[in-house]
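Heads up: the structure comes next, in structure tokens.
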Amino acid sequence: MTAETIQNASPTTGTAKAISIRDMNKYYGAFHALKDLSIDVEAGEFLVLLGPSGCGKSTALRMIAGLESISSGELLIGDQDVTEVLPKYRDIAMVFQSYALYPHKTVAENIGFPLKMAKATPEEIDSAVRAAADQVELGELLDRLPGQLSGGQRQRVALARAIIRRPSVFLMDEPLSNLDAKLRGNMRAELKHMQGELGITTIYVTHDQIEAMTLAHRVAIMKDGVLQQLGTPKEVYSDPANLFVAGFMGSPPMNFITGKITGGQFAGSGAAFAVAGAADAQSVKVGFRPEDCRIVDKGAGLLDADVFTVEMTGDQVLVTLRLQGEPLVVKMHKDFEINAGVTAGITMDPEHLYFFDGETGARLRTTAQTS
Amino acid sequence: MNEWLDKHMGRLFLAPAVTLILVFSIFPLVASLIMAFARIRFSAGGFKVRFVGWRNFEKQFFGSEQFHLIGTFTQISLLGWIFGLSVTAALLWWIWGYVRRHFTWFGFVGRLITLAMGLGITWLFAGTLLSGNLFGTIGTTLFYVLVGCAIQFVIGTALAYACSKNIRGKTAFRVIFFVPMMITPIGVGYIFRMMADTTKGPFSNVWQWVGLGDFSWAADPWAARIFIVIADSWQWIPFVFIMMLAAFESVSRDLTEAAELDGAGPWQSFREITWPHVLPIAATVMLIRAIEAFKIVDLPNIMTSGGPGIATESVSLQAYYAWRALDLGSASAIAYILLFVTVVICVSFFNLVVLARVRKQP
Amino acid sequence: MSTQLTPKRSIFEAPAIGQMSMATKIVLYTLLLIWTAFVLFPIYWLIITSFKDAADVNQGPFFLPFVDFQPSLHAWKELFVTDYEDTLRAYFNSIIISLSATGLSVLIGSMAAYALSRVAYAPNLITILFFIFLLAMTGVSIGIYGVDWRLAAAVAVALFFFLARAVGNLYQFRLHNGDILFWIISQRILAPIVVVVPIYMMFQTVRLLDTHIAIIITYAVVNMPIVVWLMYDFFNSIPRDLEESAQLDGATMIGTFREIVLPLSRTGLAATTLLVMILSWNEYLLALFLSTTKAQTMPILVAAMNAGERGILWWSMSVAIIVMIIPVVALAIVLQKYISKGLLVGAVKG
């Protein structure tokens, strides 16, 4: 019923559409900001673009929105080529990091703005605004100005303004990053619920991997304008394509030790074990996640290291050790106790070790063989 | 159609302004240049134009109007020689320093033009005023610009600094000090004629007392010029004041308080913190003021009609009088000379002072 | 030890951080009060003169109304009862001209400033020079050879459209937004005297001399650089997110400008409007050229009071100046809080 009210006044179709990004490039003068990005987003999918700042994810999103021109390549929304189409004809809605609420307009005017621009009648706008506001639970705040709202409420106004357009595609540029930690968790859940309910294709940009993991159907991880890996959250977490993805996903991040492989034998800082199916390599990085390993007595594990600090976070204990100057973090049960300064061993299942080429960062399909 | 409009709206937004400026500013500018090389006679149903080459300019610089535009020249006095030669040496030293340190053709040619203008003004000054001769409208205009701007800058800045302090009645001072800027220059001219009247004006008793009871400001060349500068300053100090006040208020309180905590006195805190912050703004404000000051015409016209003789006539006023005498060629030539002087001086100031300050900022 | 840390205080030294010493305060207030007197006394004299008779003015200085002299309303009556036609006509002319010129200038100027701050332009220099060349040729053919101005304009427009692209391809040198901005702002350097004679002749050709339109357009153009300069920096300080969002929400450039940008620029617009209004209201030289009787503005009327055979009628002049000041002061008081804030944006970055 509410969806219909909005639909009647809306300028757009409201059916989820697939997005096809083909060899998209962006140049700022000589600077190559986005390199040959190709992604096919299915209709109704929630895709997260994840990466550190300056990786080109926001640029990609702004190009999809039409706020930046596409230097080369193609962009299709549905079956329509929109490479040269102005933003407002692309059938999209966007939520900005700053929310971009118009400070001189009330909440109702802000939410109703897209319909006003589409020349809907005041009655249509009014009922659609109420419906959209109800959907994000803003009902009683319609006459306030954005300056009088809390961060979370502003966020909801921005969402309502995006919903009211009934777009085929939602674009979100770090929409939760201006909220405090607790609110962020709540809004994340609400966003996910809402996206599932409306079923609108969504592209979401963030640098926060927890948001990416929890929200996405698929995650696209980017670095320096290049797509590193595209896959489900589980895939990118448990089967990283390269050193960068492995190091970027997970908190605390994956531990790495450096070494080399000669004759099926890995030797590196304080650890040595046999590996299967590996060619000789001068520089290899071996990674393991803090939650995949345990602290054992000195000499009983794969390697030994000195305990540097012990942090109690409530639900678990984070032990940071130092191995020849490099930190290694181990997540232990909350009842675990150890003192800083002692030397301890670290052990893990061999299948939880990841091997990477130390120079290119590429994943080496090698498995460890430990006794 | 709608989409075409959307795509070309950027140009349509800029077009009206550009068209208006092209038609009512650039076109007249070109037309004026053409007229400066012509003799124009009004005849029944229009006007006749005859090109005379550089004649209009020659008349101003070397011919019958020389005294009027640049002044009378006889021999240059000893003082004139000393001043002229020393400034010339200083200017040459400055450009030699530029050539030695960092040389680009663009910068060099620009500085050569600045140098030429500097030398011209220096020898104009040395040849007329320092040699006991009369100077013309260019000298008078430069007097208005330099002396006027200096007075306005010092007083306007001082008042703004005082008002930027935490004092009572700030708003009242601010409103009162702004008032003269709102009065039409014509009005300012008449008001100051009343003020300066030594027999019937408000200060006539003071004049009597100091023995200047029948002195007339408008009859003495220097008194008349100073009198115009005072009126001009009265009107324009508010502009400097309001801009500098905003500049002073934009200095972070944290910085000055930190300086005070570090042991700086009021003078040191002003010199080390406040002044460097407002200096770039001050340079811009004075550039704007100087550009407007070169155009001065209403005050001399109302207060003295350019007299006594031509003592208070500005270049603009001279061009206006030439126009009134239907000598359109000379009017345009004089106006172009003014434009040239203004552009060279203002662009030099902009490049060498304003931009230099901006470049120094991190 | 401690004596070294607290040296002898000078009388100007502040007793605490962020405060002033008594001596500093005395010096400050003295300066400010002297300047207040210097600013206000001429205005006071102007006001009392407007209530004086010829005798009160001519027999020497009288300072206090009702004490030194008996104030009379004769000058006010003269201007608003006897000569009311002239006065009111000039007054209404001034109001119409300065309001229209300010409106036009602020509207067109801020549109241009907005476009320059948001849209990237790259016009070809050669095409522009070709356009100016055609403009000059049109002027010459009208002015010197007496060609009918409609014909000349039509030929120039046709030539431009046929040849612009061909000429532009001769040499590619593109200008950018900064160049256009500088070009517009630099028009302010032009002294009115440089352009006023051709403008006079242009309006004479199209028979618009001594009309409101001629003066309105001229004032709008003369003040446009100020508008563009102040508003450009102001628009630059508005976050782009808002406009991009409006754009995605389906607003056109006009819609964004009207719904989002203008309401957010009230401060800058108020300061700019006031400044342009003051400049147009007080302008003298251009009005002197472009008006004779019908479109005569207040400054011309005031200046003309000098021309009488009885010498200057100080009392009437004072009345005229006072009625000229009143609306500007009223406007300034209304817009007071915007003035310094709005003006500074330009100066700091300009």
Side-chain angles (χ1 to χ4, degrees), chain A residues 9-12 28-29 58 61-62 64-69 85-105 109-120 125 145-146 154 157-158 160-167 169-175 178, chain C residues 106-107 110-111 114-123 172-179 231 233-273 335 337-338 341-342 345:
Chain A
S10 150
T12 50
Y28 294 106
S58 282
L61 191 78
R62 290 171 59 82
I64 297 168
L67 297 172
E68 300 274 351
S69 63
V85 174
L86 285 173
K88 62 176 192 166
Y89 301 116
R90 292 189 182 197
D91 206 4
I92 51 177
M94 184 159 166
V95 177
F96 289 78
Q97 181 175 5
S98 63
Y99 315 138
L101 301 184
Y102 312 126
H104 57 292
K105 292 181 184 289
E109 285 169 339
N110 262 287
I111 300 177
F113 186 73
L115 299 187
K116 186 178 173 195
M117 288 296 109
K119 305 215 162 55
I125 296 178
L145 287 173
R154 284 182 212 182
V157 177
R161 194 173 65 187
I163 293 172
I164 206 168
R165 243 173 98 72
R166 284 271 120 176
V169 176
F170 268 146
L171 303 176
M172 304 199 180
D173 189 0
E174 311 220 5
N178 284 349
Chain C
V106 169
L107 178 71
S110 49
M111 274 167 68
Y114 178 65
L116 283 172
S117 80
R118 295 297 193 264
V119 184
Y121 297 93
Q172 292 280 334
F173 184 86
R174 297 201 166 270
L175 299 179
H176 297 287
N177 287 28
D179 304 312
M231 292 315 293
D233 281 320
F234 209 90
F235 291 143
N236 263 350
S237 69
I238 296 180
R240 312 253 159 139
D241 280 7
L242 297 177
E243 289 152 59
E244 290 177 343
S245 171
Q247 223 181 321
L248 287 167
D249 286 344
T252 56
M253 192 161 163
I254 294 181
T256 315
F257 188 61
R258 204 184 50 207
E259 295 275 336
I260 312 295
V261 178
L262 286 186
L264 289 177
S265 321
R266 270 170 309 193
T267 317
L269 282 174
T272 310
T273 304
L335 300 178
K337 64 177 172 176
Y338 296 116
K341 236 195 293 174
V345 179

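In what follows, every chain begins at residue 1, and chains take the letters A, B, ... in the order their sequences are listed.
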To the nearest 0.5 Å, how far apart are CG in Leu242(C) and OH in Tyr99(A)? 14.0 Å
Under the side chain to side chain contact (heavy atoms under 4.5 Å, CB included) rule, what do Glu244(C) and Arg62(A) come out as? Steps first, then yes or no, please. CA-CA 10 Å; Glu244(C) 290 177 343; Arg62(A) 290 171 59 82; 2.5 Å; yes
Taking side chain as everything from C-beta outward and backbone as N, CA, C, O, which of these in Leu101(A) sits under 4.5 Å from a heavy atom of chain C? Side chain, backbone, both or neither. backbone
What part of Phe96(A) lies closer than 4.5 angstrom to a heavy atom of chain C: side chain, backbone, both or neither? side chain
Heavy-atom pairs under 4.5 Å with chain A, option from Glu259(C), Glu243(C), Arg240(C) with the top count: Glu259(C)
Using a 6.0 Å cut-off, check whether atom CZ of Arg174(C) has over 12 heavy atoms from anything other than its own residue. yes
Looking only at heavy atoms and a cut-off of under 4.5 Å, which of Ala158(A), Pro103(A), Ala93(A), Ala162(A) has the most pairs with chain C? Pro103(A)
Where [X] and [Y] come nearest, the two heavy atoms and their spacing:
X	Y	result
Gly250(C)	Arg165(A)	N-NH1, 3.9 Å
Leu248(C)	Ala65(A)	CD2-O, 3.6 Å
Asp249(C)	Met117(A)	O-CB, 3.8 Å
Ala251(C)	Lys88(A)	O-CD, 4.1 Å

